[in-house]
*Asks:* 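Here it is, the structure in full.
Every chain is numbered from 1, with letters handed out A, B, ... down the list of sequences.
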Amino acid sequence: MDSTLFDMEQSQTAWCPGCGNFVIWKVLKEILAESGREPQEVVIVSGIGQAAKMPHYLRCHTFNGLHGRALPAATGVKVANRGMLVIAEGGDGDMYGEGGNHFLHTIRRNPDITNIVHDNMVYGLTKGQASPTSARGYRTPIQVDGVLLEPFNPLAVAIALDASFVARTCSVDPPGLKKILKRAIQHPGYALVDVLHPCVSFNKVNTFKWFRENTYPLEDDHDPGDRVEAFRRATETERLPLGVFYVNPGKPVFEKSLSVYAQDDEPLASRRVDLGRLEAFVREGLKSA
Amino acid sequence: MAPESMDVSIVLCGPAGQGVQTAEQLMVAIFRQAGLNVFATKEYMSRVRGGSNSTTIRISPGRVRALVDRMDIFVPLDRDAYQHCSTRISQDTIILGEKETFPPDKDGLPGRFQDIPLSRLAKDAGGAIYTNTVVVGVVAALCGIDEAVARSHVQDAFQKRDQKIVDNNLSAIALGYEAGARLPHKLPFTAGEAGESDTTDDVILNGGEAVALGAIAGGCRFISSYPMTPSTSVLTFLAQHGAEFDIVAEQAEDEIAAINMALGGWYAGARSMVSTSGGGFALMVEGLSLAAMTETPIVIHLAQRPGPATGLPTRTEQGELLFALHAGHGEFPRAIFAPGTLDDAFYLTQKAFNLADRYQVPVFVLTDQYFIDSYYNLPPFDLSGVENSDAVIRTTADYERYALTEDGVTPRGIPGHGDGLVVVDSDEHDEQGHITEDHDIRTRMVQKRLKRLDALTREALPPEWIGPPDAETLVVCWGSTVHLVAEAIAKTKGGKHAVLYFKQVYPLHPDAADLLSKAKRLCIVENNATGQFAQILQSRLQVDIPVKILKYNGLPFTVEELVHRLDEAAG
């Protein structure tokens, strides 16, 4: 195995020195190299934000689309060619704010997509405004009285919707991150990996130190098949558990359920319309209204 | 009946949910079987039950393809239905109904009222639910259709239902037919009489079906949309027939998701489309701009209805032309088709997929509620000349998605087909597809994207001249009004008229200016309030059209209305 298979020749990024994105980047390249997939078999779809620049720094197919819209575009890719390994990646604002509705409905749809969310509880690219996961009271140049909204709880929402794979990890723990991302890309169906990580430039509250002190691993005997328990653990907010909260392996995978793939694995790109069949359909099927 | 009319217009009107549509389908099928040409269209309220919805069915030995105001036979199913269509009643209108529902006021009912005991006959057949089938029987008899033809269609239409339901419907037909046969009025022509052409092989469909069939012919593999009247029928049709034609139809959570899914589909090699109406398209506009920046093809079926905002959800208007033309942040090329005939809807939608594929641009198919919901019979589409492009290349390891080329078109690779990597970006990007803020590259990329308008213009379809070549007045129209205008000009009194029908409204064919200068007088017909296409002709070709015949109350034009307004304009 070539561990540099997904590395770009140049390694310049637009990230700040010390950003948690670097850890996720390194781990992502490793797990992709270890996945046995070629770069030609991997599509990373992303939105807008610092996290969403990730695919530009990897050797793989890239669809860097609109803010909040990675999940529907990724779903379209998977519909067209279910042989691709598809990752949808972005930040907390991208996936939970602008793309919130897609987040809900992609969970319901359950395409085989790994959704990596860089969750640093702040907007980086627009310089420090509150994100959907910022804590109540968190002060910013816009939220001058502190955030008045209840933070969005992506794990609880995902478990409530019976998402097929729900995990939280943290970039301050690279081995834990790697273990979980690896499981997520192997999981058939939608997999949410919420990756807590610090924003060194704009989030002075949720720092490396804060994440070390305020997170802890789920116990070894946590049963990811127990949805109610998983939900209960997801609602813990004092100290945040890390690990695989919930897995529902029995949930039907969207693109596998499509009738076009019932008898044929061929990607849609290589299928051609049968004009003879269409002609017969028009002549015979439309004789009367 | 007016002696000059070689066609008969039948109007059925009743509350939503009372089976007007079922009766319409039965009648259309029966008239077709009898060898007549049929046109049918409906107007309906935005509600599931109640109100008044009407359907107009025109039958003739010759081809009929446009809405008339005239009612030769009118079947109001309740008092409200009568009121709903009352302005269309003339002294020649035969009104079928029962006295109890329509107590004559002191002047009596206008038109020629025929008392038919619909309730009693329906009850005899099995219950009030059979009223519509009784009506079909009455109308069939009145129009001189063979009872066996009517019976066989009822049998077919209800074959999947309970035997009791079939029997009751058959008896409703028989009772209605018997009542209708006693009426003195008959058609001014014989059903089955040879028309202008043999229509035995004809098929019958509506605008929505023509667009959907065109999409199938164009190799559509994926439609993702959010239901919105009047665009939904395209999504429904493709969902129903998806398994037969390798098409995935997905109802997205919103229009934003719909267009982004479709773009993901095209990116990975599946020809994709969205079908929507004004408000839904408004939500798609950001995605339209993404298509432009990433040079990802997209086909957008935009079925217009009156806005702004929710407007009149089930009504018609040609109000989104300038919106479609200008939508999207940033500057980029696009093409807009506006089919007005079922043939054009089929062939242009097929073409839209290929144009989008070859030039990697958004292509619109602009229709409206009147077009989507109108049916007529026509010869089956000729597929012998139908070809689909295959612009996708197998990539090599050094593939660059945005490599600069002379015509601005970079051969398009897709993931999973070749050794290259396909990198697309909504940010400004370099030839490889990676983010850049280099202003020289920016300039070249803007030019590359815009350059493709040259090819789109070269491939533009010319407007079609209908009528005498030496016409004094040229009536310009686009999209759904073409059959109405074409029929109207033949009936005008004020000098020779011809029609210039634009089936592509952007970019314009280079011959358009020349054709517009051929007649002494110019006039334009548009189903909107501000003459949007006239504005395009003014700004693009500096052609001023002084006479604008506009309508924006939510309803389509009728032939009579256009004749009147064209005559008025001719002075």
*Asks:* Can you tell whether the side chains of B/Glu253 and A/Arg108 come within less than 4.0 Å, N to carboxylate O?
*Replies:*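 Looking at B/Glu253 and A/Arg108, the cut-off is not met.
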*Asks:* Identify which of A/Ser259, A/Gly285, A/Pro55, A/Ala73 forms the greatest number of heavy-atom pairs closer than 4.5 Å to chain B.
*Replies:* A/Ala73
*Asks:* Need one label for B/Ala262: side chain, backbone, both or neither, based on atoms under 4.5 Å from any heavy atom in chain A.
*Replies:*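 Contact with chain A is absent: no heavy atom of B/Ala262 under 4.5 Å.
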*Asks:* Quick test of your reading: applying salt bridge (Lys or Arg N to Asp or Glu O under 4.0 Å), list the pairs with at least one residue in residues 47-58 of chain A, sequence neighbours left out, ordered by first then second residue.
*Replies:*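 Qualifying pairs, neighbours excluded: none.
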*Asks:* Looking at every heavy atom in both B/Asp419 and A/Gln40, which two are closest together, and how far apart are they?
*Replies:* O-NE2, 2.7 Å
*Asks:* Indicate the atoms forming the closest heavy-atom contact of B/Phe245 with A/Asp274, along with that distance.
*Replies:* CE2-O, 4.5 Å
*Asks:* Please check: side-chain N/O of A/Arg271 versus main-chain N/O of B/Asp246, any donor-acceptor pairing under 3.5 Å?
*Replies:* no
*Asks:* Using every non-hydrogen atom in the two residues, find where B/Pro415 and A/Asn81 come nearest and quote the distance to one decimal.
*Replies:* O-ND2, 3.9 Å
*Asks:* Would one find more than 12 heavy atoms of other residues, nucleotides or ligands at under 6.0 Å from atom CD of A/Glu30?
*Replies:* yes
*Asks:* Excluding sequence neighbours, so at least two apart, what forms ring-ring contact (aromatic ring centres under 6.0 Å, His included) with B/Tyr402?
*Replies:*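 By the ring-ring contact (aromatic ring centres under 6.0 Å, His included) rule, B/Tyr402 matches B/His429.
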*Asks:* Apply side-chain contact (heavy atoms from CB on, under 4.5 Å) to the pair B/His434 and A/Met8, showing each step before the final yes or no.
*Replies:* CA-CA 12 Å; B/His434 290 297; A/Met8 299 274 276; 3.6 Å; yes
*Asks:* Are there more than 12 heavy atoms of other residues, nucleotides or ligands under 6.0 Å from atom OH of B/Tyr347?
*Replies:* yes
*Asks:* When heavy-atom pairs shorter than 4.5 Å are enumerated against chain A, which of B/His153, B/Glu24, B/Glu250 gives the highest number?
*Replies:*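 Of B/His153, B/Glu24, B/Glu250, B/Glu250 has the most heavy-atom pairs under 4.5 Å with chain A.
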*Asks:* Heavy-atom cut-off 4.5 Å, strictly under: side chain, backbone, both or neither for A/Leu258 against chain B?
*Replies:* side chain
*Asks:* Evaluate the side-chain proximity of B/Arg271 to A/Leu268: yes if any heavy-atom separation is below 4.5 Å, no if none is.
*Replies:* no
*Asks:* Under 3.5 Å, side chain of B/Tyr267 to main-chain N/O of A/Thr62, donor-acceptor pair present?
*Replies:*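 Confirmed, B/Tyr267 side chain pairs with A/Thr62 backbone.
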*Asks:* Considering non-hydrogen atoms only, spot the tightest contact between B/Ile414 and A/Ala269 and give its length.
*Replies:*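 What the structure gives for the nearest pair is CD1-CB, 3.6 Å.
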*Asks:* Can you check whether A/Leu286 reaches B/Ile204 side chain to side chain, under 4.5 Å on heavy atoms?
*Replies:* no
*Asks:* Please report the closest heavy-atom contact between A/Val273 and B/Arg221, naming both atoms and the distance.
*Replies:* N-NH1, 3.8 Å
*Asks:* Hey, could you give me the CZ/OG1 distance between B/Phe222 and A/Thr75, rounded to the nearest 0.5 Å?
*Replies:*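 That separation rounds to 8.0 Å.
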*Asks:* Under a 4.5 Å heavy-atom cut-off, does chain B meet the side chain of A/Ile44, its backbone, both or neither?
*Replies:*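 Interface part for A/Ile44: neither.
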*Asks:* With only heavy atoms counted, which part of A/Val282 is less than 4.5 Å from chain B, the side chain, the backbone, both or neither?
*Replies:* both
*Asks:* Rounded to the nearest 0.5 Å, what separation is found between the CD atom of B/Gln251 and the CZ atom of A/Arg109?
*Replies:* 9.0 Å
*Asks:* Look up atom OG in B/Ser426 and atom CG in A/Asn64, then write down how far apart they are to the nearest 0.5 Å.
*Replies:*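 Separation between the atoms: 5.0 Å.
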*Asks:* Quick check on A/Phe281 against chain B: is it the side chain, the backbone, both or neither that has a heavy atom closer than 4.5 Å?
*Replies:* side chain
*Asks:* Walk me through whether A/Val260 and B/Ile247 qualify under side-chain contact (heavy atoms from CB on, under 4.5 Å).
*Replies:* CA-CA 7 Å; A/Val260 293; B/Ile247 295 170; 5.7 Å; no
*Asks:* Give a yes or no on whether the backbone of B/Ala29 and the side-chain of A/Lys287 come within a donor-acceptor separation of less than 3.5 Å.
*Replies:*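 The answer is no, because no donor-acceptor pair under 3.5 Å joins these two groups.
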*Asks:* Within the 4.5 Å heavy-atom criterion, are B/Ile256 and A/Leu66 side-chain neighbours or not?
*Replies:*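 No, their side chains stay 4.5 Å or more apart.
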*Asks:* What part of A/Glu279 gets closer than 4.5 Å to chain B, counting heavy atoms only: side chain, backbone, both or neither?
*Replies:*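 For A/Glu279, heavy atoms of backbone and side chain both lie under 4.5 Å from chain B.
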*Asks:* Any donor-acceptor pair under 3.5 Å linking the side chain of A/Arg277 with the backbone of B/Glu244?
*Replies:*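 Between the backbone of B/Glu244 and the side chain of A/Arg277 there is a qualifying donor-acceptor contact (under 3.5 Å).
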*Asks:* Heavy atom to heavy atom, less than 4.5 Å: which residues from residues 88-95 of chain A reach chain B?
*Replies:* none
*Asks:* Do you know which two heavy atoms are closest between B/Val423 and A/Cys60, and how far apart they sit?
*Replies:* CG2-O, 4.0 Å
*Asks:* Please determine, among B/Gln432, B/Met261, B/Met293, B/His417, the option with the most heavy-atom pairs under 4.5 Å with chain A.
*Replies:* B/Met261
*Asks:* Quick check for you: among B/Thr294, B/Asp254, B/Asn377, which has the greatest number of heavy-atom pairs under 4.5 Å with chain A?
*Replies:* B/Asp254
*Asks:* Decide yes or no for A/Pro39 and B/Leu421: does some side-chain heavy atom of the first lie under 4.5 Å from some side-chain heavy atom of the second?
*Replies:* yes
*Asks:* Are more than 12 heavy atoms from other residues, nucleotides or ligands located less than 6.0 Å from atom CD of A/Gln263?
*Replies:* no
*Asks:* When heavy-atom pairs shorter than 4.5 Å are enumerated against chain A, which of B/Pro379, B/Gly416, B/Gly219 gives the highest number?
*Replies:*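 Most heavy-atom pairs within the cutoff with chain A belong to B/Gly416.
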*Asks:* Can you tell me which portion of A/Val79 sits under 4.5 Å from chain B's heavy atoms? Options are side chain, backbone, both or neither.
*Replies:* side chain
*Asks:* Can you find a pair of side-chain heavy atoms, one from B/Leu383 and one from A/Leu278, that are under 4.5 Å apart?
*Replies:*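 They are in side-chain contact.
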*Asks:* Identify the residues of residues 384-392 of chain B whose heavy atoms come closer than 4.5 Å to a heavy atom of chain A, ordered by number, or report 'none'.
*Replies:* B/Val386, B/Asn388, B/Asp390
*Asks:* How many angstroms lie between atom CZ of A/Arg69 and atom CG of B/Leu263, to the nearest 0.5 angstrom?
*Replies:* 12.5 Å
*Asks:* Of all of B/Val422, B/Asp382, B/Asp202, B/Ile216, which one pairs up most often with chain A through heavy atoms under 4.5 Å apart?
*Replies:* B/Val422
